[in-house]
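Bear in mind the structure is a predicted one, so any value in this text is a computation, not a measurement. To find a chain, count down the sequence lines: A is the first, B the second, and so on, and within it residues start at 1.
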Number of protein chains: 2
Amino acid sequence: MNSTATPFSAACNAFLDLARAGCKARGAQLTPIRRDVLGLLHNAENGLKAYDLLARIKALRANATPPTVYRALDFLVEQGLVHKIERLNQFVVCRHGAHTFPGLFMVCRRCGKVSELHDPDLMGELARRAQAAGYQLDCQEVEIASICPDCLHASPAQGFEQMLTGGA
Amino acid sequence: MNSTATPFSAACNAFLDLARAGCKARGAQLTPIRRDVLGLLHNAENGLKAYDLLARIKALRANATPPTVYRALDFLVEQGLVHKIERLNQFVVCRHGAHTFPGLFMVCRRCGKVSELHDPDLMGELARRAQAAGYQLDCQEVEIASICPDCLHASPAQGFEQMLTGGA
DNA sequence: ATTGCAATGTTATATTATTGCGTTTGTGTG
DNA sequence: CACACAAACGCAATAATATAACATTGCAAT
Ligand SMILES: [Zn+2]
Ligand SMILES: [Zn+2]
Ligand SMILES: [Zn+2]
Ligand SMILES: [Zn+2]
């Protein structure tokens with residue numbers, strides 16, 4: 001077997017092994033600490049804050065401190081394995097494998113849930129328009145505040161955004 | 001004359017009076033504290049952090065505390081007069097007047113400068129695609145990490161984003 | 001063995017933001 | 001005017017998020 005003895009499910013270990021291979025291919029190493037942090041994020045359904053993660057990692061490594069988790073997170077974000085949602089100070093695992101265009105992170109204003117959508121066409125258009133204005137994109141995440149389908153179904157408030165979708 | 005005795009330039013006071021009128025029209029009031037905070041942001045070229053702002057507002061109001069400035073900022077952001085740049089914890093005045101679609105905030109990874117671009121077509125397309133996925137946009141700011149024209153000119157590093165603009 | 005380097009351990013502190021509660025201020029009502 | 005009500009503000013404390021600084025470890029190349 002290929003996995004280490006971390007307390008994760010088989011599916012999670014498979015994901016972690018794949019991530020490790022990706023890191024290796026990029027000349028980086030997914031150390032045990034980093035692997036544990038990534039595993040915890042993979043297990044979490046909805047993303048975690050740094051100090052939540054710290055509390056959980058302390059169950060595995062009693063001597064963990066803030067730098068322990070922030071360093072691991074910095075690494076994982078650099079490697080594109082994890083995304084940081086700035087407006088929530090929250091970290092979510094990327095479930096799309098490596099991608100070369102920014103993910104579209106729909107952040108629900110009501111319930112806080114985050115979904116990573118991918119739209120290469122739209123992101124390509126964004127990159128072109130940015131470039132036309134003299135900017136070069138260097139972006140892995142685009143956060144979009146919105147109302148998620150569930151919350152919308154619960155109470156479909158009328159926002160100013162309707163104007164944008166009405167045509168014209 | 002219409003302006004209060006705040007220590008701002010004539011141009012700034014004109015801006016503030018306009019903002020006050022806008023608030024009034026929306027049933028809100030631009031109180032003296034809020035006016036001062038907005039004026040300070042208007043004077044600042046590059047956006048300010050809350051505690052920088054606090055230091056400046058203390059020059060005008062010695063008893064100001066964090067809630068003083070955070071409350072004013074919450075109000076100004078709600079009114080669409082100020083934008084919060086989440087990844088920098090920074091606040092920038094909106095120099096585009098009221099807008100009904102999200103501004104595109106180009107945040108330079110190298111120098112930290114922020115530019116508010118407007119692209120109604122692109123934002124409309126974003127809103128349509130979000131809606132097609134079941135989401136309703138409720139978004140005033142879209143932050144885009146990028147390299148600004150100045151920094152790009154200084155050293156035009158090759159990023160993965162090139163792939164996006166090359167066609168295909 | 002020595003040096004160099006990446007990762008980690010450890011302590012402390014910096015930065016950003018909010019809570020709670022009491023007071024003031026403005027506004028309308030009887 | 002007396003009263004009630006709500007919005008804004010003053011103030012003290014503290015919560016939540018993130019980084020600095022420096023020591024230590026482990027491994028690999030010389
Ligand atoms: Zn992703
Ligand atoms: Zn929701
Ligand atoms: Zn704006
Ligand atoms: Zn720049």
B/Leu73 CG to D/dA8 C1', in whole Å, measures 15 Å
In a table with atom names and distances, give each donor-acceptor pair under 3.5 Å that connects a side chain of residues 70-92 of chain A to protein atoms at least two apart or in another chain.
| from | atom 1 | to | atom 2 | distance (Å) |
| --- | --- | --- | --- | --- |
| A/Gln79 | OE1 | A/Arg26 | NE | 2.7 |
| A/Gln79 | OE1 | A/Arg26 | NH2 | 3.2 |
| A/His83 | ND1 | A/Glu141 | OE2 | 2.7 |
| A/His83 | NE2 | A/His99 | NE2 | 3.3 |
| A/His83 | NE2 | A/Glu116 | OE2 | 3.2 |
| A/Arg87 | NE | A/Glu143 | OE1 | 3.1 |
| A/Gln90 | NE2 | A/Asn46 | O | 2.8 |

Which of C/dG9, C/dT18, D/dT17 is nearest the side chain of A/Asn63? It is C/dG9
Pick base, sugar-phosphate or nothing for A/Thr65, based on heavy-atom distances below 4.0 Å to the nucleic acid.
base
Here the distance between atom C1' of C/dT27 and atom CD of B/Gln29, to the nearest Å, is 11 Å
B/Leu53 CG to C/dA17 C1', in whole Å, measures 14 Å
Heavy-atom closest pair (B/Gln140 atom, B/Phe105 atom, distance to 0.1 Å) is O-CE1, 4.1 Å
Which of D/dA18, C/dT16, C/dG9 is nearest the side chain of B/Lys49? It is C/dT16
Comparing nearest nucleotides in DNA chain C, the 5'-proximal residue of the pair B/Glu86, A/Arg61 is A/Arg61
B/Leu54 CG to C/dT16 P, in whole Å, measures 12 Å
With sugar-phosphate taken as primed atoms, P, OP1 and OP2 and all else as base, the protein-contact string of nucleotides 20-30 of chain D at under 4.0 Å (heavy atoms; B, S, -) is BB---------
Does B/Ile57 share a hydrophobic cluster with B/Tyr51, counting links as ILVMFWY side-chain heavy atoms below 4.5 Å and allowing steps through other members?
yes
Heavy-atom nearest pair, A/Cys139 first then B/Ala145, reads CB-O, 3.4 Å
Checking D/dT19, D/dC9, C/dT16 against the side chain of B/Tyr70 (C-beta onward), the nearest is C/dT16
Could you tell me whether A/Asp138 and B/Arg110 have a side-chain N and a carboxylate O separated by less than 4.0 Å? no
To the nearest angstrom, the CZ-P distance between A/Phe75 and C/dT8 comes to 9 Å
Rounded to whole Å, the CZ-P distance (B/Arg35 to D/dA8) equals 17 Å
Q. For B/Thr31 and D/dC9, is the shortest distance between a side-chain N/O and OP1 or OP2 below 4.0 Å?
A. yes
In whole angstroms, the gap separating P of C/dT16 from CD of B/Gln90 amounts to 10 Å
Is it the case that the ring center of B/His42 lies less than 6.0 angstrom away from the ring center of B/Phe8? no
- Query: Given C/dA17, is OP1 or OP2 found less than 4.0 Å from the side-chain N or O atoms of B/Asn89?
  - Reply: yes
The nucleotide from D/dT17, C/dT8, D/dC9 with an atom nearest the side chain of B/Arg34 is D/dC9
Comparing B/Phe91 with A/Thr68, nearest DNA chain C nucleotide closer to 5' gives the residue A/Thr68
Should the side chain of B/Tyr51 and the base of C/dA14 be counted as holding a donor-acceptor pair, with the cut-off at 3.5 Å? no
Review point. Hey, are the side chains of B/Asn13 and B/Ser9 touching, using non-hydrogen atoms and a 4.5 Å cut-off?
Key: no
